[in-house]
Amino acid sequence: MITFPKPDVEQFLRTFSIADFAVSPDEKHLVFSTNLSGKYNLWGMDLPNSFPYPLTSIDQSCQALIYDKKSRFIIAGFDQDGNENTQFYGVPLNGGTMKGIVHHENTRNFMPKLSNDSKKLYYTTSRGNASFLNAYCLDLESGQEKLVLEGKDAATYLFGFSPDEETLLYYKHFSNTNTLLYAKKGNGDILLTPPTEKQHTVNDGVFVSDSMIYLLTDYDSDFTYLASYNLETNKFCKVKELENECFTAINYSKENQLLYITSQKGVEDQLYEFNLEKENWRNIPVPCSVINKLEVAASGTLYLFGMGATKPHNIYKNTGDEWVSLTKYTVPGVDSDALVEPDIITYTSFDGLEIESLFFRAKKENDNGEVIFWPHGGPQAAERKSFRASFQFFLNHGYSIFAPNFRGSTGYGLEFTKMVEGDWGNGPRLDNVAGLDWLIDQGHAQKGKILLMGGSFGGYMALLMHGRHADYFKAVVDIFGPSNLFSFINSVPDDWKPIMDQWVGNPEKDKEKLIEYSPITYLESMIKPMLVIQGANDPRVVKEESDQIVQALRDKGRDVDYMLLEDEGHGFSKKENEIAVYQKILSFLKRFTAVTEKV
């Protein structure tokens with residue numbers, strides 16, 4: 001009998017990903033951004049066939065993707081090696097030479113929208129208003145453009161427009177927990193939720209006629225619900241809410257007079273259908289745990305992009321009776337039985353708050369007794385039952401993973417999400433410490449023997465917990481985490497800066513607090529071996545954040561390994577870089593593994 005070694009890192013990380021997709025209005029063509037070639041490009045499918053072919057070869061990730069309303073061309077947005085300075089291009093349906101549509105150096109462009117006749121492109125840009133943004137309407141035939149929306153007071157994004165294109169829909173992002181939706185007709189601006197001093201959000205909105213808008217909001221509520229606003233009567237109305245669920249996205253089928261609502265309930269998503277004529281509400285079973293995107297074709301057909309903890313990204317089409325997978329992404333060379341579904345557990349934090357967590361337990365035949373503690377990024381995000389090839393790789397090599405949704409996480413109500421604001425380094429940190437204590441009390445780990453790893457805010461939390469609670473850990477991995485909140489606040493993109501006072505703190509008014517919450521304050525206590533990983537082009541957590549903590553620790557003679565990726569930003573867009581990173585992390589962790597892995 002032939003025996004085979006464990007799947008190598010490349011077999012797990014050769015799992016291909018999908019970043020976005022779109023379906024042509026005639027449903028004869030589908031385009032998606034994927035790393036099938038090892039780097040992100042656009043690929044197409046001629047439906048109903050499901051064999052993909054490349055449309056671009058620029059090796060860059062795509063941040064926006066829409067079809068011309070007559071199915072003649074594609075508008076796509078690309079940045080350069082993760083710098084997030086997205087520019088818009090026209091792409092032929094069958095690939096070939098792209099045409100620059102909106103291209104201004106060192107600008108960030110967002111949310112392209114085509115007019116109903118596809119002769120005009122609406123978009124939001126940092127050009128001329130880096131902090132609050134502006135929106136333009138570009139005539140694609142003449143090349144002339146006009147300013148249609150000037151951002152003031154907060155970053156302002158053009159979101160959509162009415163069927164007659166007379167009324168614009170836009171939102172203002174005052175903070176992650178204070179986003180307001182407005183309708184603009186002529187010189188008039190209408191706030192679509194009733195005036196209140198209490199902060200709230202509007203997640204999404206859609207016109208179903210020139211005067212009726214449906215929106216998702218948590219106005220006067222802890223959880224987001226479906227509401228309507230009538231522009232003729234100026235009447236706001238709550239339509240539908242579900243207990244302990246946050247509605248996150250809304251789609252409209254004009255053909256069938258249906259709304260489709262995506263809802264987040266903790267670590268999983270649900271999909272609902274709301275009949276506008278009959279006011280019926282029903283749940284639609286979906287083939288995944290997390291819905292990344294839903295598209296409703298003009299015919300009413302549903303297309304869904306989603307994933308599960310053990311199911312990579314795939315695109316599905318709803319045939320009425322079932323979901324058919326248009327893509328067939330799996331983990332190459334790895335049997336599905338070798339993948340691990342997480343347990344959902346809750347524990348009580350220091351102040352009585354209940355914290356929901358995912359606990360991925362390595363299979364008995366692989367278990368090496370090690371636990372990786374993983375605080376998620378965001379921080380106003382959540383660890384969910386979504387596919388991480390890196391998790392499954394570490395699990396297969398014997399490492400269990402514990403991922404708590406500490407205060408500040410999304411999916412548990414507005415009040416819970418707001419708990420991190422201005423409190424980055426206290427409540428969330430203590431929630432994580434309580435998670436560590438739960439692992440120890442339950443016999444899953446020993447104090448001083450836990451491995452700590454996180455990215456973005458999770459990297460920040462890994463640094464901070466290393467500095468303040470080093471006695472729990474034996475090694476730490478920081479993936480592009482802020483190390484100094486003063487320099488972090490100063491270096492984020494300009495359109496983020498207006499929210500920083502509420503989100504993180506004010507460098508002058510909150511000076512003492514920001515010193516206390518900055519990991520770099522605790523250099524003396526950072527005594528455990530560390531690996532730091534950083535993308536050189538990261539615009540969110542800039543290279544200097546990692547440079548300064550690495551240099552400061554090296555000056556003290558500490559064991560710090562530093563991996564800098566010259567062609568990456570806030571993440572890993574190139575497969576060879578991703579593989580190299582996790583090979584590096586595995587090699588680092590193996591230095592501290594108590595039990596030799598079984599072959």
query = Got a donor-acceptor contact below 3.5 angstrom from the Asn405 side chain to the Glu383 backbone?
reply = yes
From CA spacing to verdict: side-chain hydrogen bond (donor to acceptor under 3.5 Å, both in side chains), Asp494, Ser131 = CA-CA 5 Å; Asp494 287 338; Ser131 295; 5.5 Å; no
query = Any side-chain donor paired with an acceptor under 3.5 Å for Ser349 and Asp431?
reply = yes
key: Stepwise side-chain hydrogen bond (donor to acceptor under 3.5 Å, both in side chains) test for Tyr517 and Asp423   = CA-CA 8 Å; Tyr517 293 171; Asp423 188 32; 3.0 Å; yes
inquiry  = Checking Gln60 against Ser573 for the side-chain hydrogen bond (donor to acceptor under 3.5 Å, both in side chains) test, could you report, in this order, the C-alpha distance in whole Å, the side-chain angles of both residues, the deciding distance, and whether it holds?
reply    = CA-CA 8 Å; Gln60 300 294 338; Ser573 63; 5.7 Å; no
query = Do the side-chain N and O atoms of Glu354 and Thr348 include a donor-acceptor pair separated by under 3.5 angstrom?
reply = yes
ask   = When the ring planes of Tyr182 and Tyr170 are compared, do they come out parallel, tilted or perpendicular, using 30° and 60° as the limits?
value = parallel
query = Does Lys513 NZ have over 12 foreign heavy atoms under 6.0 Å away?
reply = yes
ask   = Is a donor on one side and an acceptor on the other found under 3.5 Å between the side chain of Asp222 and the backbone of Asp218?
value = no
Within the 6.0 Å centroid threshold, strictly below: Phe402 and His444 = no
ask   = Within the distance-only criterion (no hydrogens, no angle test), does the side chain of Asp269 pair as donor or acceptor with the backbone N or O of Ile291 below 3.5 angstrom?
value = yes
inquiry  = Would you say that Met526 contacts Pro519 through its side chain, given a criterion of any heavy-atom pair below 4.5 Å between the two side chains?
reply    = yes
key: Aromatic ring pairing Tyr412/Phe416, orientation class (parallel under 30°, perpendicular over 60°, tilted between)   = tilted
request  = Quick one: pull up CD1 in Ile401 and CG in Leu395 and give me the separation to the nearest 0.5 Å.
outcome  = 4.5 Å
ask   = Under 3.5 Å, side chain of Ser221 to main-chain N/O of Phe223, donor-acceptor pair present?
value = yes
ask   = Per the side-chain contact (heavy atoms from CB on, under 4.5 Å) rule, which among Val331, Val334, Leu586, Ile585 passes with Phe393?
value = Leu586
task = State, without any angle test, whether Asn506 and Asp501 hold a side-chain donor-acceptor pair at a distance under 3.5 Å.
result = yes
ask   = If we only count heavy atoms from C-beta on, is the Glu545 to Ser483 side-chain gap below 4.5 Å?
value = yes
remark   = The salt bridge (charged side-chain N to carboxylate O under 4.0 Å, His left out) partner of Glu341 among Lys385, Lys311, Arg361 is Lys385
ask   = Which value, rounded to the nearest 0.5 Å, describes the distance between Asn178 atom CG and His200 atom NE2?
value = 7.5 Å
inquiry  = In terms of relative ring orientation, are Phe406 and Phe457 parallel, tilted or perpendicular, with 30° and 60° separating the classes?
reply    = tilted
key: Between Phe110 and Tyr157, ring centroids under 6.0 Å   = yes
ask   = Is a donor on one side and an acceptor on the other found under 3.5 Å between the side chain of Lys575 and the backbone of Thr15?
value = yes
query = Phe394 and Trp374: aromatic ring centres closer than 6.0 Å?
reply = no
query = Do Ser518 side-chain atoms and Leu485 backbone N/O form a donor-acceptor pair below 3.5 Å?
reply = yes
query = For Thr86, does its backbone N or O pair with a side-chain atom of Asn109 as donor and acceptor, under 3.5 Å?
reply = yes
Ser491 side chain reached by Glu544 side chain, heavy atoms, under 4.5 Å = no
ask   = Under a 4.0 Å N-O cut-off, is there an ion pair linking Asp81 with Lys574?
value = yes
key: Residues His376 and Arg384: side-chain donor-acceptor under 3.5 angstrom   = no
message = Centre-to-centre under 6.0 Å for His570 and Phe480, is that the case here?
response = yes
query = In Å and rounded to the nearest 0.5 Å, what is the CG to CD distance from Asn577 to Glu568?
reply = 4.5 Å
request  = Could you check if a side-chain atom of Thr310 sits within less than 4.5 angstrom of a side-chain atom of Ser336, using non-hydrogen atoms only?
outcome  = no
Heavy-atom neighbours of Glu576 CD exceed 12 at 6.0 Å = yes
key: Exceeds 12 heavy-atom contacts within 6.0 angstrom, atom NZ of Lys265   = no
inquiry  = Using a 6.0 Å distance limit plus a 45 degree cone around the ring axis, check whether Lys113 lies over the aromatic ring of Phe159.
reply    = yes
Side-chain ion pair, Asp351 and Arg407, N-O less than 4.0 Å = yes
inquiry  = Please report whether the ring centroid of Phe360 lies less than 6.0 Å from that of Phe391.
reply    = yes
query = Is there side-chain contact between Leu589 and His397, with at least one heavy-atom pair below 4.5 Å?
reply = no
query = With distance as the sole test, does Asp495 use its side chain to make a donor-acceptor pair with the main-chain N or O of Ser126 at under 3.5 Å?
reply = no
inquiry  = I want to check something: taking the side chain as every heavy atom from C-beta on, are Phe174 and Asp153 in contact at a cut-off of under 4.5 Å?
reply    = yes
query = Heavy-atom distance under 4.5 Å between the side chains of Lys584 and Phe588, does that happen here?
reply = no
Donor-acceptor pair between Thr177 and Gln380 side chains, under 3.5 angstrom = no
query = Backbone N or O of Phe21 within a donor-acceptor pair of the Lys293 side chain at under 3.5 Å?
reply = yes
Centroid-centroid distance, Phe387 to His313, less than 6.0 Å = no
task = Verify, without hydrogens or angle tests, whether Asn129 (side chain) and Leu133 (backbone) share a donor-acceptor contact under 3.5 angstrom.
result = yes
